[in-house]
Structures are given as C-alpha cells and as structure tokens.
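Proteins get letters first, then strands, A, B, ... in listed order; numbering begins at 1 in each.
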Amino acid sequence: GEALMRHDEL
Amino acid sequence: MNVFRLAGDLSHLLAIIILLLKIWKTRSCAGISGRSQILFALVYTTRYLDLFTNFISLYNSVMKVFFISTSCATIYLMYVKFKATYDHNHDTFRIGFLLIPVTILGLLINHDFTPLEVLWTFSIYLESVAILPQLFMVSKTGDAETITSHYLFCLGLYRALYIFNWIYRYYFEGFYDLIAIVAGVVQTVLYCDFFYLYVTRVIKGKALKLPA
C-alpha cells in the first residue's frame with residue numbers, strides 16, 4: 001500500500 | 001524507480017564515498033562537522049528500522065545497510081581513529097535546537113502514531129536540517145576544502161533530485177507524500193546559498209571562500 005511506497009524510498 | 005530517483009540515490013552514495021575517501025586519504029576529518037555526522041547516523045538508524053519489518057527489494061536493503069554502516073564508520077573515524085584532527089572548536093552548533101523541535105513535530109505530524117512511523121517521520125524531519133551544523137561550521141571558518149565542497153554538493157543534489165522524483169511519481173503514479181515533499185524542499189532550500197557559491201567558485205577551480 002501507500003506505506004510500502006514510502007518505505008521504498010531512501 | 002525512475003531516472004531522478006536513481007540519480008538521487010547515486011548522488012547520495014557518491015557524497016558518502018567522497019567523505020570517507022577524504023577522511024581516509026588525508027588521514028584527517030578537519031572541516032567536517034561531527035555533529036552533522038551524528039545527526040545523519042541518527043537519521044539512517046531511525047528511518048531504516050523497516051529493514052527488519054518488510055523486505056522491499058535487494059537494491060533497497062543493500063542501500064539501507066550501506067547508509068547505516070557508512071554513517072557509523074564515519075563517526076568511528078571522526079571520534080576514534082582520527083580524533084586528533086577533529087576540529088571541535090569550530091563545531092559548536094547546538095543540536096538540541098534541532099532535535100527537540102524535530103521530535104515534537106514527529107510526534108504531532110505523522111502518518112500513523114506507531115513507533116516505526118513516528119521514527120520514520122522524525123528521521124525525515126531531522127534529515128532536512130541535519131546539515132545545519134556543517135553549514136554553520138563552514139560559515140564560521142569562512143571556507144571549506146574543495147573535497148568537502150564536492151561532498152556537500154552531492155549531498156544537497158541528492159534531495160533536489162528526489163524533488164523531481166516526487167513530481168514524476170505524482171504525475172505518473174498518482175503517489176505523493178506531503179511529509180517527505182515539504183521536508184525535502186526545506187532541505188534543498190538550506191543548500192541554495194552553498195550551491196550558488198559552489199557553482200560560482202568551486203566549478204571555476206577556486207577554493208570555496210565565503211565573502212567577508
């Protein structure tokens with residue numbers, strides 16, 4: 001979800 | 001992953017490699033703010049706790065481990081191995097002035113009031129201002145070694161490239177994260193003065209001396 005998209009960034 | 005994001009990550013990677021090479025080759029950490037380096041280590045360790053909770057990609061995990069380990073290595077080099085060369089007289093920025101507001105902000109404005117999310121948000125806010133002790137040090141001494149200015153340029157460029165990545169993601173993926181965007185813009189703005197000096201002086205082969 002959205003949290004995963006955020007945590008993909010460094 | 002888009003080209004801006006990749007370029008941003010590579011710029012970030014290059015910044016850290018330049019810093020470590022500078023310290024290692026010159027056997028000195030003169031001109032580097034240990035306080036900024038402590039803040040960066042705190043940024044990486046609080047943000048990348050998700051290494052233990054969810055796997056995203058090999059690229060993602062390798063980069064996160066790299067940022068955590070190199071920031072710890074930098075602190076070791078500065079405070080243990082080359083301690084004698086650490087310029088602590090000029091590294092006097094009070095980091096409490098950054099840590100306290102950033103902690104409060106992280107507790108108040110976050111995506112989810114859970115330990116991991118609050119720490120992630122804290123890390124995003126802290127990163128936006130973590131360079132201030134270093135910039136303060138440069139302004140106090142009035143100059144920076146050329147290698148240090150290359151480090152600062154790459155480190156500043158990384159978040160600027162992330163802004164383009166966020167614009168791209170907004171248009172093509174419909175994704176945006178306001179916390180990261182606002183903090184990222186603040187972070188980039190803090191470098192603007194330095195960027196100007198870097199382009200007008202360092203690129204032309206002159207030393208980075210601040211105007212009196």
Query raised in the report: Does any heavy atom of chain A fall under 4.5 Å from the side chain of Asp112(B), the backbone, both, or neither of them?
Result: neither
Query raised in the report: Where on Tyr44(B) is there a heavy atom nearer than 4.5 Å to chain A: the side chain, the backbone, both, or neither?
Result: neither
Report task. Inspect the surroundings of CG in Asp193(B) and state if more than 12 heavy atoms from other residues, nucleotides or ligands are less than 6.0 Å away. Result -> no
Query raised in the report: Of the listed residues (Glu127(B), Glu173(B), His111(B)), which shares the most heavy-atom pairs with chain A below a 4.5 Å separation?
Result: His111(B)
Query raised in the report: More than 12 foreign heavy atoms under 6.0 Å from CZ of Phe164(B): is that the case here?
Result: no
Query raised in the report: So which of Met1(B), Lys64(B), Arg47(B) has the biggest tally of heavy-atom pairs under 4.5 Å with chain A?
Result: Lys64(B)
Report summary line: One should read off an interatomic distance between Glu9(A) CD and Asp9(B) CG, to the nearest 0.5 angstrom, of 8.5 Å
Query - Within 6.0 Å of OH in Tyr59(B), more than 12 heavy atoms from elsewhere - result: yes
Requested in this report: State whether the number of non-hydrogen atoms from other residues, nucleotides or ligands found under 6.0 Å of Phe55(B) atom CZ is greater than 12.
Outcome: yes
Report summary line: Distance col, row Leu10(A):CG vs Arg5(B):CZ, nearest 0.5 angstrom, shows 4.5 Å
Query - Within 6.0 angstrom of Phe175(B) CZ, more than 12 heavy atoms from elsewhere - result: yes
Report summary line: Okay, Glu117(B) and chain A: the region with an atom under 4.5 Å from a heavy atom over there is side chain
Report task. Using a strict 4.0 Å threshold on nitrogen-to-oxygen distance, state whether Asp50(B) and Arg6(A) make a salt bridge. Result -> no
Requested in this report: Please check if atom CD1 in Ile100(B) has more than 12 non-hydrogen atoms from other residues, nucleotides or ligands closer than 6.0 Å.
Outcome: no
